[in-house]
Amino acid sequence: MAFRIVVQECDASACGYRCLQVCRLGVLLAVPVSRHNRGLPRKPDRYVIAPRFNGYCNACGLCVEVCPDSAISLQC
Ligand code: SF4
Ligand code: SF4
C-alpha cells in the first residue's frame, strides 16, 4: 500500500528540522523559499518541508510524532 505524507507550511528552522532528522528513508526535503528574489541570487528567506519522495515512505509516523506544529499528516 502506498502512503502519502502531507506537510503544511511551517517555520522549519525554528524547530531544527526535526522531521528531517528522524526520517531515515529521506522522504522529506527542505526547500528554500525567497519571497523577494528579483532574479538575483540571494540567501533564502526560509525553508519549507516538502515530501519529495513520498514513494519511499513506510508510514512509521516518526515525523508526525516529532513535529511541534502538527504540520505533518499521514494519509493512506
Ligand atoms: S512516516 Fe516515517 S518514513 Fe514516512 S516520511 Fe515520516 S519519518 Fe519518513
Ligand atoms: S514539518 Fe514540523 S518537524 Fe518538520 S520542520 Fe516543520 S515544524 Fe519542524
Side-chain angles (χ1 to χ4, degrees):
M1 178 182 285
F3 301 98
R4 198 163 83 91
I5 286 287
V6 177
V7 186
Q8 308 297 321
E9 196 164 315
C10 70
D11 186 356
S13 59
C15 93
Y17 303 89
R18 292 184 200 178
C19 55
L20 296 189
Q21 292 180 38
V22 298
C23 183
R24 295 180 179 175
L25 300 179
V27 175
L28 306 169
L29 200 68
V31 179
V33 176
S34 296
R35 283 205 175 129
H36 307 292
N37 191 340
R38 299 186 183 116
L40 300 172
R42 56 168 288 163
K43 189 177 172 189
D45 294 317
R46 63 197 174 92
Y47 287 82
V48 295
I49 303 300
R52 190 58 63 86
F53 302 103
N54 248 321
Y56 295 127
C57 177
N58 66 2
C60 70
L62 287 175
C63 58
V64 178
E65 281 178 30
V66 299
C67 179
D69 291 350
S70 300
I72 308 177
S73 58
L74 184 59
Q75 301 175 357
C76 294

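In each ligand, atom 1 is the first atom listed, and ligand 1 is the first ligand listed. Quick caveat: nothing in here was measured; it's all calculated off a predicted structure.
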### Query
Any donor-acceptor pair under 3.5 Å linking the side chain of Glu65 with the backbone of Cys60?
no
### Task
Starting from the C-alpha separation in whole Å, work towards a yes-or-no answer on side chain to side chain contact (heavy atoms under 4.5 Å, CB included) for Asp45 and Val33.
CA-CA 6 Å; Asp45 294 317; Val33 176; 5.8 Å; no
#### Entry: Shortest non-hydrogen contact between Val31 and Ala50, atoms and distance
CG2-CB, 3.7 Å
### Task
Between Asn58 and ligand 1, find which residue part has any heavy-atom pair under 4.0 Å and reply side chain, backbone, both or neither.
both
### Message
Just to check, does Val66 reach to within less than 4.0 Å of ligand 2 when the distance is taken from its heavy atoms?
### Response
no
### Query
Which protein heavy atom lies closest to atom 8 (Fe) of ligand 1, and at what distance to 0.1 Å?
Cys23 SG, 2.4 Å
### Query
Leu62 and Val6: same hydrophobic cluster, using ILVMFWY side-chain contacts below 4.5 Å?
no
### Task
With heavy atoms of Asp69 as the reference, note each atom of ligand 2 found under 4.0 Å away.
7 (S)
### Query
At under 4.0 Å between heavy atoms, which part of Leu28 makes contact with ligand 2: side chain, backbone, both or neither?
neither
#### Entry: Contact check: Cys67 to atom 6 (Fe) of ligand 2, N/O/S below 2.8 Å
no
### Query
Is the number of heavy atoms from other residues, nucleotides or ligands under 6.0 Å of Tyr17 OH greater than 12?
yes
### Message
Is there a path of hydrophobic side-chain contacts, each under 4.5 Å between heavy atoms, that joins Leu29 and Tyr47?
### Response
no
## Note on the structure
Counting heavy atoms under 4.0 Å, the part of Cys15 that contacts ligand 2 is side chain
## Note on the structure
Among non-hydrogen protein atoms, atom 7 (S) of ligand 1 lies closest to Cys60 SG, 3.4 Å
### Message
Assigning hydrophobic clusters by single linkage (Ile, Leu, Val, Met, Phe, Trp, Tyr; side-chain heavy-atom cutoff under 4.5 Å), is Val27 placed with Leu74?
### Response
yes
#### Entry: atom 4 (Fe) of ligand 1 to nearest N/O/S of Cys57 less than 2.8 Å
yes
## Note on the structure
Ile72 heavy atoms within 4.0 Å reach ligand 2 at atoms 1 (S)
### Query
So, Asp69 side chain and Cys10 main chain: donor-acceptor pair closer than 3.5 Å or not?
no
### Task
Select the closest option to atom 6 (Fe) of ligand 2 among Ala71, Ala50, Cys10, judged by heavy-atom distance.
Cys10
### Summary
Rounded to the nearest 0.5 Å, the CD1 atom of Ile72 sits from the CZ atom of Arg18 at a distance of 11.0 Å
### Message
Below 4.0 Å, non-hydrogen atoms only: which portion of Ala12 touches ligand 2? Side chain, backbone, both or neither.
### Response
both
### Task
Give the cluster check for Leu20 versus Val7: same hydrophobic cluster or not, with ILVMFWY residues linked at side-chain heavy-atom distances below 4.5 Å.
yes
### Query
What is the nearest protein non-hydrogen atom to atom 4 (Fe) of ligand 2, stated with its residue, atom name and distance?
Cys19 SG, 2.4 Å
## Note on the structure
Atoms of ligand 1 under 4.0 Å from any heavy atom of Cys63, numbered from 1 in the order shown, are 1 (S), 5 (S), 6 (Fe), 7 (S)
### Query
Got the closest protein heavy atom to atom 1 (S) of ligand 1, with its distance?
Gly61 N, 3.3 Å
### Summary
Numbered in order shown, the ligand 1 atoms found under 4.0 Å of a heavy atom of Val27 are 5 (S)
